[in-house]
Amino acid sequence: MTPAKQARIAITMGDPAGVGPEVIAGSWLDPVARACSSRAVVGTTAVMERAIRLLRLPLEVLAIRSPGECDGLPADVIPVLDIGYRDAEAVPPGCELAEGGETAFRCVERAVGLALGGEVDAVVTAPLSKRALHLAGHTRWPGHTELLADFCGVPKTAMMLYLSTRCPLVRSEAGLGVIHVTLHCSVRKALERLDQEGILATARLTSRFVADLLRAKGIDRAPRIGVAALNPHAGEAGLFGDEEQRIIRPAVEAGLAEGLPLTGPLPCDTLMHRAADGEFDAVVAMLHDQGHIALKLLGLHHAVNVTLGLPIVRTSVAHGTAFDIAWQGKARHSSMVEALAVAAELIAARG
């Protein structure tokens, strides 16, 4: 791996109909993004040039053949590893089409290949459309997280939404992460899938992530992880549901027996407030919205998506394609800056 100060990051362009190209372009000259790494975009030169023109930025695009060519380039040059898919250029803004899904798929496929081959140290992804991905025929995967897991050949991953210490509402010196036991499925299916082993596996990934992050930051203490309840008032001793008694508490007790630093199950209406105040470094949430809503209220534009359990470092913006405002110059690029900065921190944490 290259030294952290020279970390190479591949940024996938995402769906060309969405805000991905413009948030990449908008983030390019940000001092935080510039300081953290050597960056290259995996996408198409024509689409990135269109994003630069849209935002009227003093940038130019340079087609490159390998990530090594982006080292030492001037700050105003965006190096692009072109995927060679010309249909990406004709995708109209804001439209959920198969061509957009295919573009995003090819970008991820190429970037992951570079990371697994050691040519880049991390992958940062711009958003794709799950429906466009399926329209392109890639129906095996509900979204980015599952696609990445399959490409990397790992059976268990977890999605974390993470706020760094740059978010003013987070008081833990490690930042704050929320990790999900169940993810891209209906609430009904999530309840059916919830089990002790799933909670334990997620808690193990969480503990390793926080421990690595603390070590990278030079903080000498154990992680502190809160485990969310599922029902109101943590089930109120079974009055409002017994999942806490049957599933979550036994998982927490098993984790404690392994040495995992867990507390819970804790009522969700106060857990995130306690975590934001610094009592916990991370929260294990049972459902997608249970974690997403609370963390995005704390810092939507600072939030970063991190995939735990992969053999590569992967972060992402915490927003979607935003087709409703795409290619209008309205998209904020702060989450992309955070995704790049956090990726560099995680590269350093892995050593």
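Numbering starts at 1 and runs along the sequence shown.
Here the side chains of Ile347 and Ile9 are in contact, with some heavy-atom distance below 4.5 Å. Taking 4.5 Å as the limit, every side-chain heavy atom of Val80 sits out of range of all side-chain heavy atoms of Leu62. For the pair Pro261 and Ile225, the minimum side-chain heavy-atom distance is below 4.5 Å. Here the side chains of Cys268 and Gln290 are in contact, with some heavy-atom distance below 4.5 Å. The closest side-chain heavy-atom distance from Pro127 to Asp15 is not below 4.5 Å. With contacts defined as side-chain heavy-atom distances shorter than 4.5 Å, the pair Ser334/Val337 does not qualify. Here the side chains of Ile11 and Leu340 are in contact, with some heavy-atom distance below 4.5 Å. For the pair Ser335/His302, no side-chain contact is recorded, criterion being any heavy-atom separation below 4.5 Å from C-beta on.
Partners of Asp195 by side-chain hydrogen bond (donor to acceptor under 3.5 Å, both in side chains), not counting sequence neighbours: none found. Contacts of Asp277 classified as salt bridge (Lys or Arg N to Asp or Glu O under 4.0 Å), with partners at least two apart in sequence or in another chain: Arg171. Under the rule for a side-chain hydrogen bond (donor to acceptor under 3.5 Å, both in side chains), the partners of Glu279 that lie at least two apart in sequence or sit in another chain are Arg274. In this view, Arg140 and Asp150 satisfy the salt bridge (Lys or Arg N to Asp or Glu O under 4.0 Å) rule, not counting sequence neighbours. Applying the side-chain hydrogen bond (donor to acceptor under 3.5 Å, both in side chains) criterion to Asn305, with sequence neighbours excluded, gives no partner residue.
The CD1 atom of Ile179 sits 9.0 Å away from atom CG of Leu161, with the distance rounded to the nearest 0.5 Å. Taking NZ from Lys130 and NE2 from His138, the interatomic distance works out to 15.0 Å, rounded to the nearest 0.5 Å. Atom CG of Leu114 sits about 11.5 Å away from atom OG1 of Thr12, to the nearest 0.5 Å. The CZ atom of Phe105 sits 11.0 Å away from the NE2 atom of His134 when rounded to the nearest 0.5 Å. To the nearest 0.5 angstrom, Glu109 atom CD is 9.5 Å from Ile83 atom CD1. The distance from atom CG of Leu191 to atom CG of Leu230, rounded to the nearest 0.5 Å, is 6.0 Å.
A donor-acceptor pair is defined here as one N or O able to donate and one able to accept, closer than 3.5 Å; such a pair exists between the side chain of Glu22 and the backbone of Trp327. Side-chain atoms of Glu146 come within 3.5 Å of backbone atoms of Gly143 as a donor-acceptor pair (strictly under, hydrogens ignored). The closest donor-acceptor contact from the side chain of Glu244 to the backbone of Leu266 lies at 3.5 Å or more, if one exists at all. At distances below 3.5 Å, not a single donor-acceptor pair connects side-chain atoms of Ser207 with backbone N or O atoms of Ala203.
Taking both residues in full, the closest heavy atoms of Asp82 and Thr45 are given as OD2-N, 3.0 Å, listed atom of the first, atom of the second, then distance. Pairing each heavy atom of Arg166 with each of Ala341, the nearest pair is NH2-CB, 3.3 Å. Nearest heavy atoms, Leu55 versus Ala25: CD1-CB, 4.2 Å. Of all heavy-atom pairs between Leu29 and Ala75, the closest is CD2-O, 3.5 Å. Between Pro142 and His184 the shortest heavy-atom distance is CB-CB, 4.0 Å. The nearest pair of heavy atoms linking Val283 to Met272 is CG2-SD, 3.9 Å.
Both Ile52 and Ile24 are part of a single hydrophobic cluster, where members link through side-chain heavy atoms under 4.5 Å apart. Following chains of ILVMFWY side-chain contacts shorter than 4.5 Å, one cannot reach Met48 starting from Val77, and the two form parts of different hydrophobic clusters. Note: the hydrophobic cluster containing Val317 also contains Val19 (ILVMFWY, side chain heavy atoms under 4.5 Å, direct or indirect links). Follow the hydrophobic side-chain contacts under 4.5 Å out from Leu59 and you reach Val41 in the same cluster. The same ILVMFWY cluster, assembled from side-chain heavy atoms under 4.5 Å apart, contains both Leu57 and Met13.
Residues Ser164 and Glu338 bring a donor and an acceptor atom of their side chains to less than 3.5 Å of each other. A side-chain donor from one of Ser38 and Asp71 sits under 3.5 Å from a side-chain acceptor of the other. A donor-acceptor contact under 3.5 angstrom links the side chains of Ser172 and Asp281, judged on distance only. Side chain to side chain, Thr263 and Arg224 fail the donor-acceptor criterion of an N or O pair below 3.5 Å.
Counting only residues at least two apart or in different chains, salt bridge (charged side-chain N to carboxylate O under 4.0 Å, His left out) contacts with residues 204-218 comprise Glu197-Arg204, Arg204-Glu258, Asp212-Arg215.
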Could you walk me through whether Gln196 and Glu253 satisfy the side chain to side chain contact (heavy atoms under 4.5 Å, CB included) test, starting with their C-alpha distance in whole Å, then the side-chain angles of each, then the deciding distance to 0.1 Å, before giving a yes or no? CA-CA 10 Å; Gln196 292 182 35; Glu253 291 172 351; over 6 Å; no
Going through the distances and angles, do Ile312 and Leu116 end up as a side chain to side chain contact (heavy atoms under 4.5 Å, CB included)? CA-CA 7 Å; Ile312 64 174; Leu116 291 174; 3.7 Å; yes
Under the side chain to side chain contact (heavy atoms under 4.5 Å, CB included) criterion, do Thr315 and Leu346 qualify, and how do the steps go? CA-CA 9 Å; Thr315 66; Leu346 296 181; 4.0 Å; yes
Please test Thr157 against Leu205 for side chain to side chain contact (heavy atoms under 4.5 Å, CB included), starting from the C-alpha separation and ending with a verdict. CA-CA 8 Å; Thr157 60; Leu205 290 173; 5.6 Å; no
Please test Arg106 against Glu102 for salt bridge (charged side-chain N to carboxylate O under 4.0 Å, His left out), starting from the C-alpha separation and ending with a verdict. CA-CA 6 Å; Arg106 294 190 185 193; Glu102 182 63 27; 2.8 Å; yes
Step by step, would you call Glu89 with Arg86 a salt bridge (charged side-chain N to carboxylate O under 4.0 Å, His left out)? CA-CA 6 Å; Glu89 300 165 18; Arg86 299 281 74 87; 2.5 Å; yes
Show, in sequence, the C-alpha distance, side-chain angles and deciding distance for Glu345 and Arg350, and conclude whether the salt bridge (charged side-chain N to carboxylate O under 4.0 Å, His left out) test is met. CA-CA 9 Å; Glu345 292 173 4; Arg350 291 195 174 192; over 6 Å; no
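The pair Arg131-Glu96 meets the salt-bridge criterion, since a charged nitrogen lies less than 4.0 angstrom from a carboxylate oxygen.
Between His180 and His288, the ring-plane angle classifies as tilted under the 30° and 60° cut-offs.
With a 6.0 Å radius and a threshold of 12 heavy atoms from other residues, nucleotides or ligands, Asp324 has its CG atom above the threshold. In the displayed structure, Lys156 atom NZ is contacted under 6.0 Å by more than 12 heavy atoms of other residues, nucleotides or ligands.
Relative to the ring axis of Trp28, Arg34 does not place its NZ or CZ within 45° and under 6.0 Å from the centre.
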